[in-house]
Amino acid sequence: MEAEGISAPSSLSAKFEGSFAYLTVRDRLPTILTKVIDTLHRNKDNFFKEYGEEGTQAEKRAISFLSKLRNELQTDKPVLALIDNAEDTQTWNEYMQRQQDLMEDGKPVSWFKSPWLYVECYMYRKIQEALYMNPPMDKFDVFKEGKTQSYLESQQAIKSLCTYLQELITNMENMTEIQLRDSFLKLLQVSLWGNKCDLSISAGQDNSQKSSPFDSLPDLQRFILVDDSNMVWSTLVAAQGSGSSGMKHARVDIVLDNAGFELVTDLVFADFLVSAGLAKHIRFHGKSIPWFVSDVTKQDFEWTIMQTMAANHKWMSASGVQWKHFIKDGTWSYHDHSFWTLPHEFCDMAVDAADLYSTLQGSDLIFFKGDLNYRKLTGDRKWEHTVPFDQALRGFQPAPLCSLRTLKADVQVGLQPGQAEKLSSQDPDWMTNGKYAVVQFSSPHREQ
Ligand SMILES: O=P(O)(O)OC[C@H]1O[C@](O)(CO)[C@@H](O)[C@@H]1O
Ligand SMILES: [Mn+2]
């Protein structure tokens with residue numbers, strides 16, 4: 001179903017002064033740009049070593065491009081069309097025109113006047129333009145260091161996670177369905193809270209996981225505002241034996257969010273799903289360019305598996321070896337599609353990325369990790385908190401889907417009447433402080 005015709009509230013935007021969007025555009029985005037510029041500066045000698053004078057000049061040009069961008073942002077200049085001739089350049093420019101058509105009084109699309117989702121995505125795409133326009137910088141991931149650090153600083157937590165996983169797999173044959181379900185719920189929650197560890201909300205500050213991820217689960221339960229885990233479990237169980245031959249063939253898709261600790265929680269969860277026979281195939285979806293500071297690219301995905309394999313810890317390396325094996329035999333696969341790094345709401349996908357939409361339709365269950373995916377699922381709009389999740393999806397229902405998200409932006413739907421008011425009185429920043437989470441499920445209406 002297309003989004004068109006289904007009414008929706010207005011988009012969150014920095015034009016609402018004092019809003020979280022406003023504060024993000026005013027404070028957080030320039031800080032991120034400054035860090036990117038610093039990273040390029042710090043790597044100056046490396047660029048010279050690798051590419052000689054050409055590298056130094058490219059670095060200088062990229063820095064001046066980004067400084068100009070930061071200035072344009074801070075002074076609310078109109079956003080400019082992209083000129084880098086990449087695969088997605090035209091789509092971006094068409095989308096800018098779409099935003100232009102939505103502007104009141106024909107004012108130009110600009111940082112503080114246009115939808116937050118659009119301008120924030122645009123900033124990350126412009127960082128990429130700075131690199132694309134200045135080869136040999138075009139392969140450089142300005143966020144790589146932070147992602148690597150987040151993984152390395154979470155070693156203790158990763159060890160306990162891998163140890164738990166390997167013990168679980170060893171005992172799996174003797175487990176009752178109730179025990180299996182219990183482990184499923186635990187690992188689902190670990191993956192959920194793994195989403196606390198993104199780097200963009202903290203503008204790149206350390207956000208790793210230092211303690212055992214299991215110890216805190218019982219205490220965190222009360223912070224899960226919507227918990228549809230039971231429906232997720234039933235969907236997986238019902239997908240068993242759904243093949244025409246009655247064979248188990250369930251396919252699960254995981255739309256990844258952040259590298260570092262969160263990615264490990266996702267890999268552990270995915271390993272559990274396969275080892276427990278709940279899924280036969282897992283398709284991971286990542287970003288094709290560095291995105292929102294900590295999001296997973298193919299390089300991060302492969303690096304994480306290699307690094308886990310090479311760890312000097314029995315259960316970590318056993319896990320890594322198993323994951324590598326899953327990739328090799330096709331049980332797991334990694335996919336990137338340019339749609340994930342476009343600014344579109346997901347309700348546009350059926351029309352604007354029909355190939356991706358139809359691929360997702362082949363899934364038995366899709367997990368969407370993290371806050372940005374939630375913003376795109378709901379269109380990043382000013383929904384009433386009691387609006388049902390299905391309604392906020394505005395027709396985006398390729399397959400049963402589940403959002404695993406800690407709240408870091410002021411959009412939240414599917415709450416009970418009075419729930420938001422109560423939260424606001426107890427904790428005014430409940431929508432943005434990352435303390436709360438949702439496990440929110442939706443399934444398309446299927447004709448029998
Ligand atoms: O990694 P996540 O969970 O998608 O979070 C990305 C973050 O970036 C933001 O878009 C803010 O810049 C928030 O919505 C969110 O905190
Ligand atoms: Mn992210």
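Given the structure is predicted, the values throughout are model-derived calculations rather than measurements.
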Counting only N and O atoms by type, is there a donor-acceptor contact under 3.5 Å from the side chain of Ser150 to the main-chain atoms of Gly146? no

Check: Lys15 main-chain N/O paired with Ser19 side-chain donor or acceptor under 3.5 Å: no

Expected output: side-chain Trp193 to main-chain Pro213 donor-acceptor under 3.5 Å: no

Tell me if the centroids of the rings in Tyr164 and Phe214 come within less than 6.0 Å of each other. yes

Under a 4.0 Å N-O cut-off, is there an ion pair linking Arg98 with Asp352? yes

Are Leu365 and Leu401 close enough, and set up right, to give a side chain to side chain contact (heavy atoms under 4.5 Å, CB included), and what steps lead you there? CA-CA 5 Å; Leu365 178 62; Leu401 63 87; 5.9 Å; no

State whether Arg394 and Asp348 are salt-bridged, where the test is any N-O pair (Lys NZ or Arg NE/NH1/NH2 against Asp/Glu carboxylate O) under 4.0 Å. no

What is the ring orientation for Phe140 with Phe47, classed by angle as parallel under 30°, tilted 30 to 60°, or perpendicular over 60°? perpendicular

In terms of heavy-atom contacts, does CD of Glu87 have more than 12 from other residues, nucleotides or ligands at under 6.0 Å? no

Answer with yes or no after comparing the ring centroid distance for Phe143 and Phe292 against a 6.0 Å cut-off, counting only values under it. no

Carefully, step by step, assess Phe16 and Tyr22 under the rule ring pair (Phe, Tyr, Trp, His ring centres under 6.0 Å). CA-CA 6 Å; Phe16 303 112; Tyr22 172 80; over 10 Å; no

I'd like to know if the side chain of Asn195 reaches the main chain of Thr406, judged simply by a donor and an acceptor atom lying under 3.5 Å from each other, with no hydrogens or angles considered. yes

Taking the side chain as every heavy atom from C-beta outward, state whether Pro398 and Ile366 have any atom pair closer than 4.5 Å. yes

Hey, mind stepping through Lys49 and Asn46 against side chain to side chain contact (heavy atoms under 4.5 Å, CB included) and telling me if it holds? CA-CA 5 Å; Lys49 266 189 220 138; Asn46 294 336; 4.1 Å; yes

Quick one: does Ser333's side chain have a donor or acceptor within less than 3.5 Å of a partner on Gly330's backbone? no

I'd like to know if Asp336 pairs up with Lys287 as an ion pair, taking the criterion as any Lys NZ or Arg NE/NH1/NH2 lying under 4.0 Å from an Asp or Glu carboxylate oxygen. no

Is the shortest heavy-atom distance from the side chain of Asp427 to the side chain of Lys435 under 4.5 Å? yes

May I ask you to check whether Phe20 and Trp116 place their ring centers less than 6.0 Å from one another? yes

How about Lys186: does its NZ atom have over 12 heavy atoms from other parts shown lying under 6.0 Å from it? no

Take atom CE of Met306 as the centre, draw a 6.0 Å sphere, and report whether it contains more than 12 heavy atoms from other residues, nucleotides or ligands. no

Inter-residue atom distance Arg283.CZ - Thr359.OG1, 0.5 Å rounding: 6.0 Å

Verify the ring-centre separation between Trp430 and Phe223: is it less than 6.0 angstrom? no

One pair to check against side chain to side chain contact (heavy atoms under 4.5 Å, CB included): Leu192 and Lys369. What are the steps and the verdict? CA-CA 8 Å; Leu192 170 68; Lys369 292 291 323 273; over 6 Å; no

To the nearest 0.5 Å, how far apart are CD1 in Ile224 and OG in Ser229? 6.5 Å

Test of ring centre spacing under 6.0 Å for Phe269 and Phe367: yes

Mark yes when over 12 heavy atoms from residues, nucleotides or ligands other than Glu53 sit less than 6.0 Å from its CD; otherwise mark no. yes

If you measure from CG on Asn373 to OG on Ser403, what distance do you get to the nearest 0.5 Å? 7.5 Å

Are any side-chain N or O atoms of Arg381 and backbone N or O atoms of Pro9, one a donor and one an acceptor, separated by less than 3.5 Å? yes

Other residues, nucleotides, ligands: >12 heavy atoms within 6.0 Å of Gln90 CD: no

Any side-chain heavy-atom pair of Asp88 and Arg125 under 4.5 Å: yes

Looking only at atom types and distance, does a side-chain atom of His385 sit under 3.5 Å from a main-chain N or O of Ala420, one as donor and one as acceptor? no

Quiz question: by atom type and distance under 3.5 Å, do the side chains of Thr39 and Glu145 form a donor-acceptor pair? no

Rounding to 0.5 Å, atoms CH2 (Trp383) and CG (Leu415) come to a distance of 14.0 Å

Here the gap from Leu360 atom CG to His335 atom NE2, rounded to the nearest 0.5 Å, amounts to 10.0 Å

Would you call Asp253 and Arg251 a salt bridge, using N to O less than 4.0 angstrom? yes

Any sub-3.5 Å donor-acceptor pair from Tyr374's side-chain atoms to Leu404's backbone N or O? no

More than 12 heavy atoms of other residues, nucleotides or ligands under 6.0 Å from CD of Glu384: is that the case? no

Please examine the side chains of Tyr436 and Leu423, heavy atoms only from C-beta on, and report whether any two atoms are closer than 4.5 Å. yes

Just wondering, do Met96 and Asp101 contact through their side chains at under 4.5 Å, heavy atoms? no

Looking at Asp380 and Arg375, is there a salt bridge between them, counting it only when a charged N and a carboxylate O are closer than 4.0 Å? yes

Are the aromatic ring centres of Tyr151 and Phe261 under 6.0 angstrom apart? no

Taking atom CD of Gln128 and atom CE of Met133, what is their separation to the nearest 0.5 Å? 12.5 Å

Electrostatic pair Lys147:Asp141 at N-O distance under 4.0 angstrom: yes

Within a radius of less than 6.0 Å around CZ of Arg222, do more than 12 heavy atoms belonging to other residues, nucleotides or ligands occur? no

Worked check of side chain to side chain contact (heavy atoms under 4.5 Å, CB included) between Val264 and Ser154: CA-CA 10 Å; Val264 177; Ser154 307; over 6 Å; no

Would Lys113 and Glu104 pass as an ion pair if we require N to O under 4.0 Å? no

Under the 6.0 Å and 45° cation-pi test, does Arg26 pair with Trp111? no

Less than 4.0 angstrom from a charged side-chain N to a carboxylate O is my criterion; do Lys68 and Glu72 meet it? yes

Mark yes or no for whether Gln100, through its side chain, and Lys107, through its backbone, hold a donor-acceptor pair below 3.5 Å. yes

Quick one, Asp295 and Asp257 - any side-chain contact, counting heavy atoms below 4.5 Å? yes

Are Lys126 and Trp92 in a cation-pi setup, meaning NZ or CZ lies under 6.0 angstrom from the ring centre and within 45 degrees of the ring axis? no

Taking the six-membered ring for Trp, are the ring centroids of Phe441 and Phe389 within less than 6.0 Å of each other? no

Do we see a donor-acceptor contact under 3.5 Å between the side chains of Thr297 and Asp300? yes

For Lys159, does the NZ atom have more than 12 heavy-atom neighbours from other residues, nucleotides or ligands under 6.0 Å away? yes

Asp271 side chain reached by Gln322 side chain, heavy atoms, under 4.5 Å: yes

Residue pair Leu187 / Ser191, side-chain heavy-atom distance below 4.5 Å: no

When the aromatic ring centroids of Tyr95 and Tyr118 are compared, is their separation below 6.0 Å? yes

Could you check whether any side-chain N or O of Asp371 sits under 3.5 Å from a backbone N or O of Lys408, counting only pairs where one atom can act as donor and the other as acceptor? yes

Decide if the gap between the ring center of His285 and the ring center of Trp332 is smaller than 6.0 angstrom. no

